[in-house]
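Data first, discussion second: the structure below is written as structure tokens.
Just the heavy atoms: all of them, side chains too, but no hydrogens, waters or symmetry mates, feed the values below.
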Amino acid sequence: MAKERFDHVAIEKSAQEKWEALDIYTTDLTDSEKEPYYLLFEFPYPSGDLHIGHWFAFALTDIFARFKRMQGKNVLFPMGFDSFGLPAENAAIKNGADPAVWTNANMERMRAQVKTMGTSVDWSKEVVTSSPEYYKWTQWLFSKLYDHGLAYRKEAAVKWCPKDQTVLANEQVIDGKCERCDSEVEEKFLTQWFMGITKYAERLLTDLDPLPWREEMKDAQRAWIGKSEGAKLTFPILFADEAKNEWRDEEGNPAQVAVFTTRPDTVFGATYVVLAPEHPWVTGALEHGTDVFSNEKEVRAYIQETAKKTERERLENKEKTGVKLEGIRAVNPATKGEVPVYIADYVLASYGTGAVMAVPAHDERDFDFAQKFKLPIRHVIEPKFVADGDQAPISGQDFERRESACIVVYNPKDKTYLCNNWKTALMRGLFTGGIDENEDVVEAARREILEETGYTNLRHIERPELHVNTFFFHRMKGVNRWSHFTFVFFELENEDCLPVTDEESALHEIVWKSAEELDDFFTVPEGWFIAKHLDAAEYCYSYDGLLMNSGQFDGKDNREAMSEIIDFVGGEHVTNYRLRDWLVSRQRYWGCPIPVVYDPEGALHLIPSEHLPWTLPTDVDFSLSSESPLATSKELKERVERIFGEGWTPEYDTLDTFVDSSWYFLRYLDSKDENDFSDQSLLKKWLPVNRYSGGSEHTTMHLLYSRFFHKALYDLALVPTPEPFNERFNRGLILGTDGQKMSKRWGNVVNPDEVVAKFGSDAVRMYLAFIGPYNEPGSYPWKLDGAVAMRKFLDRVYQLSEKVSEGELSENERTSLAKAAKKITGDTERFKFNTAISGHMVFVRELESAETVSKEVYLALLTLMAPFAPHLAEHLWERMGGEGSVHTASWPEEIAVEEDTVVIGVQVNGKRRGEIVLAPDASEEEAMEAAKANETIGRLLHEGKVEKVVYVPGRILNLVITRS
RNA sequence: GCUGGAGUGGUGAAAUGGUAGACACGCCUGCCUUAGGAGCAGGUCCCUUCGGGGGUGGAGGUUCGAGUCCUCUCUCCAGCACCA
């Protein structure tokens with residue numbers, strides 16, 4: 001027979017009315033008794049309808065809000081709308097709706113929907129970023145940043161989304177595509193507004209370290225900031241036409257280019273210089289000087305060609321391209337030698353100085369370019385290898401340097417190489433040998449091969465000189481050895497062989513290996529390098545080693561000499577970041593107007609604060625144009641002239657919506673204030689946000705922007721903390737039933753309203769909570785069966801009320817409750833709602849198995865369930881005669897229980913073989929007695945001798961037995 | 001390529017270094033009948049001669065004991081990527 005099921009519609013309605021009547025979710029921000037707890041979730045864009053993802057975001061965070069509140073915290077759990085943005089404007093373009101009206105209607109609908117979720121949001125703190133009351137302060141804060149040089153206008157190459165008809169910030173370009181609409185972005189050269197986030201790069205980086213965030217989030221931000229340390233070096237420019245060498249710039253400097261490099265130690269190997277095609281020096285030379293470049297036509301053509309390409313197209317063609325700047329040469333500041341200058345699109349204008357010194361011998365990209373353009377390759381670092389393991393050098397002992405030959409013998413007959421497997425040591429490599437005084441390397445190599453292998457007919461092959469250094473401990477000699485190897489290449493003419501002495505054959509095993517087998521075969525530290533460079537006439541080595549061809553620095557360790565070399569060439573140490581300044585202007589209507597006007601001379605002026613909010617005009621034409629829609633407003637132009645005077649003009653761009661969301665959590669604290677953006681004493685009390693929950697897509701967008709914004713405000717003494725958020729949790733994603741991302745395109749969008757109507761709001765939120773751990777981002781397909789199952793569980797909780805009788809806790813109930821409360825508390829605290837709910841289920845099953853249930857334990861169950869199933873818990877609480885609301889009841893304290901027995905596992909040789917029941921504090925003897933009494937264990941004990949007993953009371957008994 | 005993270009049943013997933021697979025979904029068997037998106041009971045990692053034996057991507061190692069720690073390796077996911 002079907003059991004009675006609760007009427008979720010009635011229960012939800014009455015519970016929500018009760019909460020409203022009792023006004024239990026309005027937070028008194030000034031309360032001085034309870035500890036403040038600021039719980040934040042990312043406020044939504046009012047797209048119109050709440051989807052299941054919103055439930056996942058809001059209802060699950062609400063679990064935690066209710067939990068903390070019941071724990072006696074003064075919880076601030078606000079919500080608002082990030083209501084500026086493109087969809088409103090697109091709706092306006094499509095069907096003529098006023099973006100403000102459209103947005104307001106959506107917000108109205110969403111507020112109602114959020115209420116049906118039964119969230120405990122404090123709506124009295126609501127912020128709406130598109131309201132003039134809010135954006136007045138966005139403008140005011142912008143002005144403050146402008147005053148301190150953190151908001152500025154500059155002409156720069158920027159990313160342009162042709163579909164959204166606006167520029168984008170770097171963070172909003174993903175794989176060369178617009179983050180919003182997936183269109184390929186184009187590059188434009190425009191004057192735009194930027195925020196000086198790069199000034200904060202170092203602090204954004206170092207302040208990340210102590211934050212209690214997951215490593216992957218911190219790491220993504222670190223990668224985005226992209227710090228690299230190196231040097232700025234100057235390369236003077238010489239002109240073929242000597243008269244031009246007299247040329248000086250405005251500051252009186254002769255022609256020169258600065259390069260940024262992380263490897264100033266390789267400067268002696270810089271055999272050419274490459275500038276980005278957009279490099280200002282090139283542009284300048286083309287503009288001013290006539291015929292600076294004798295191949296000017298070609299240069300211009302290349303610049304034009306690269307300008308046309310999107311970033312993507314530039315990347316797609318990995319083959320290096322470029323053009324030599326004929327008519328000029330650069331001077332290598334280390335060698336004083338003259339080197340050619342190129343422009344090439346593999347050098348990015350926006351990174352470093354937009355110019356590089358090319359060291360083909362030690363940089364892969366430069367190497368590729370040099371190969372293609374037949375440029376000289378000059379090696380300035382000899383590879384250095386240090387053995388590890390057996391052969392690792394003994395520390396503190398000096399190295400004995402020895403000139404040696406490293407001998408490559410190729411047998412063309414079967415395409416193999418002569419290798420040496422040392423019989424006396426775990427060492428496999430090539431044959432090598434010391435070079436005696438007055439001995440030629442090749443002679444030495446021939447002698448060595450003859451002695452050790454017997455091969456007599458070797459033809460010497462000429463190759464560019466190649467050396468490596470190997471540092472190891474020479475076991476047989478008992479010394480640290482530094483072998484300075486010179487490579488000698490031979491080809492075997494025939495396999496004629498003389499006998500080898502017994503002594504030699506006791507040491508070496510001769511092995512022939514093909515090129516492919518070598519890397520696996522070699523165990524010597526230089527092995528991988530040899531395997532890679534056996535045939536290459538030229539090679540590139542981009543790691544560490546000893547300097548060569550570097551004048552006074554020859555023989556020094558490249559890392560150690562780095563600083564000295566920078567000084568030697570008169571360079572400076574610099575740190576570079578990948579992070580670019582944040583481009584905040586948007587050529588769109590539905591955004592916060594930038595509070596700036598221009599005088600008749602075109603000079604920029606901030607709009608004085610008495611004119612804020614600087615409101616959006618409403619008389620605009622939304623038909624798509626490359627111009628900002630605000631430029632079509634007559635009212636705006638008239639307003640500017642009325643206030644500032646004739647000939648003054650407005651700023652037509654609006655702000656990126658990420659500016660609005662960079663400070664909304666400050667406004668929640670004082671959302672109605674007409675005289676200030678927030679309240680200092682409340683900021684002091686409530687910041688930083690204790691826990692912030694949101695999506696992982698914002699790691700290098702919103703989260704980075706708001707950290708920057710906050711730090712800037714901190715420096716202006718407008719906020720009391722250097723970081724806005726303490727804990728941050730990235731939520732996962734709910735997929736369609738087909739496991740794909742929910743999208744109208746796939747027709748797999750789950751409508752939460754339907755499911756809620758059928759199974760109730762509590763069942764839906766609990767199912768979402770049960771689906772997986774909320775403290776890590778995963779993706780979960782929506783399964784209706786899951787919601788059905790959760791409803792069944794809730795029905796069981798409801799049915800359990802029929803068994804409730806007046807009375808005290810039974811001993812069993814006490815034990816169950818203690819266990820459940822401990823588990824649920826711990827798991828909820830860590831956002832592990834899935835296992836917390838499994839705790840509820842176990843607890844309920846234990847109560848079901850008893851004849852009756854005491855009212856006390858049932859009420860306790862309801863408190864434990866209240867954050868998860870707020871409506872049902874409230875209903876049953878009321879029915880049980882609980883006082884007030886279950887949501888203002890206290891969360892169960894930890895209950896100490898003394899169990900008289902525990903079950904522990906018994907392992908034999910680490911494998912579980914049985915279990916025994918013991919007193920928790922039983923002695924080892926008692927444990928052994930119990931173990932012997934166990935049938936299986938007893939038998940095993942008879943099979944062998946007990947060597948060792950590991951007994952951890954209350955946990956484990958492990959017996960180590962040797963079988964006889 | 002570089003940097004992080006993760007690999008456990010048919011599925012979502014559990015396991016402070018101490019009984020691997022909790023809790024669910026699905027599936028199987030039986031019962032029940034107000035036929036319901038029902039309820040109840042039992043089963044569900046693999047092998048088994050029913051005594052047991054094996055098992056957390058793979059190979060080693062540390063430990064009385066490893067899903068968990070270390071080394072190597074493979075695969076997948078994410079971020080970055082011609083960043084000098």
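Across the protein-nucleic acid pair, I734(A) atom CD1 and G12(B) atom C1' stand 11 Å apart, rounded to whole Å. A38(B) atom C1' lies 15 Å from atom NZ of K758(A), rounded to whole Å. In this structure, the CD1 atom of I771(A) is 16 Å from the C1' atom of A14(B), given to the nearest Å. Across the protein-nucleic acid pair, D827(A) atom CG and A15(B) atom C1' stand 11 Å apart, rounded to whole Å. Between the P atom of A38(B) and the CZ atom of R791(A) lies a distance of 13 Å, rounded to the nearest Å. Between R214(A) atom CZ and U3(B) atom P the separation is 20 Å, expressed in whole Å. Rounded to whole Å, the distance from CD1 on I837(A) to C1' on G12(B) is 13 Å. With rounding to whole Å, E846(A) atom CD is found 13 Å from C23(B) atom C1'.
Nearer to the 5' terminus of RNA chain B, by closest-nucleotide assignment, is the contact made by M217(A) (compared with the other of M217(A) and L959(A)). For the pair Q221(A) and G778(A), both in contact range of RNA chain B, the more 5′-proximal nearest nucleotide belongs to G778(A).
Taking the ring centre of F522(A) as origin, the terminal cationic atom of R428(A) falls outside the region bounded by 6.0 Å and 45° from the ring axis. Geometrically, R765(A) does not engage W55(A) in a cation-pi contact defined by less than 6.0 Å to the ring centre and at most 45° from the axis. Note that R791(A) lies outside the cation-pi zone of Y767(A), set by a 6.0 Å cut-off to the ring centre and a 45° limit from the axis.
As judged by a 4.0 angstrom heavy-atom cut-off over every strand, E216(A) is placed among residues touching the sugar-phosphate backbone only. Contact annotation for P777(A): no contact, since no heavy-atom pair falls under 4.0 Å across all strands. Residue contacts shown for S696(A) are absent, as no nucleic acid heavy atom lies under 4.0 Å away. In this structure, K832(A) reaches the sugar-phosphate backbone alone: every heavy-atom distance under 4.0 Å involves primed, P, OP1 or OP2 atoms, never a base. When heavy atoms are screened at a 4.0 angstrom cut-off, V788(A) is found touching the sugar-phosphate backbone but no base atom. Across all strands shown, V842(A) has heavy atoms under 4.0 Å from sugar-phosphate atoms exclusively, and none from any base. Here L348(A) lies in heavy-atom contact (under 4.0 Å) with a base. Among the heavy atoms of the strands lying under 4.0 Å from N834(A) are primed sugar atoms or P, OP1, OP2 only; no base atom is included.
For C64(B), its base sits under 3.5 Å from the side chain of N958(A) at one donor and acceptor pair at least. A donor-acceptor contact under 3.5 Å links the side chain of R955(A) to the base of U16(B). Not a single donor-acceptor contact under 3.5 angstrom links the side-chain atoms of K783(A) to the base of G12(B).
G5(B) and U68(B) are spaced 16 Å apart, taking the P atom of each and rounding to whole Å. Rounded to whole Å, the separation between the C1' atoms of A24(B) and U71(B) comes to 38 Å. Comparing A66(B) with G51(B), their C1' atoms are spaced 28 Å from each other, to the whole Å. To the nearest whole angstrom, the two C1' atoms, one in G55(B) and one in G9(B), are 11 Å apart. Comparing the P positions of C72(B) and G79(B) gives an interatomic distance of 26 Å, to the nearest angstrom. Taking atom P on both A84(B) and C77(B), the two are 27 Å apart, rounded to the nearest angstrom. Across the C1' atoms, G12(B) and G61(B) are found 34 Å apart, a figure rounded to whole Å. Rounded to whole Å, the separation between the P atoms of A22(B) and U33(B) comes to 33 Å.
Relative ring orientation between Y346(A) and F369(A) is described as tilted, the plane-to-plane angle lying within the 30° to 60° band. The aromatic rings of F831(A) and Y774(A) lie tilted to each other, with the angle between the two planes from 30° to 60°.
Dashed line: the shortest gap from a side-chain N or O of Y351(A) to OP1 or OP2 of A84(B) is under 4.0 Å. In this model, the phosphate group of C23(B) is approached by a side-chain N or O of R845(A) to a distance below 4.0 Å at OP1 or OP2.
If you check U71(B) for Watson-Crick or wobble pairing at under 3.5 angstrom, you find it paired to A59(B). Nucleotide C76(B): paired with G5(B) (Watson-Crick or G-U wobble, both distances less than 3.5 Å). Base pairing annotation: G30(B) forms a Watson-Crick or G-U wobble pair with C40(B), both donor-acceptor distances under 3.5 Å.
Note that CD of E572(A) and OG1 of T234(A) are 7.5 Å apart. Values are rounded to the nearest 0.5 Å.
In the set C64(B), G5(B), A24(B), the nucleotide with an atom closest to the side chain of F770(A) is A24(B). Picking from G12(B), C82(B), G37(B) the nucleotide with the shortest atom distance to the side chain of Y780(A) gives G12(B).
Taking the O4'-C1'-N9-C4 or O4'-C1'-N1-C2 dihedral as appropriate, G9(B) has a value within 90° of 0 and is therefore syn.
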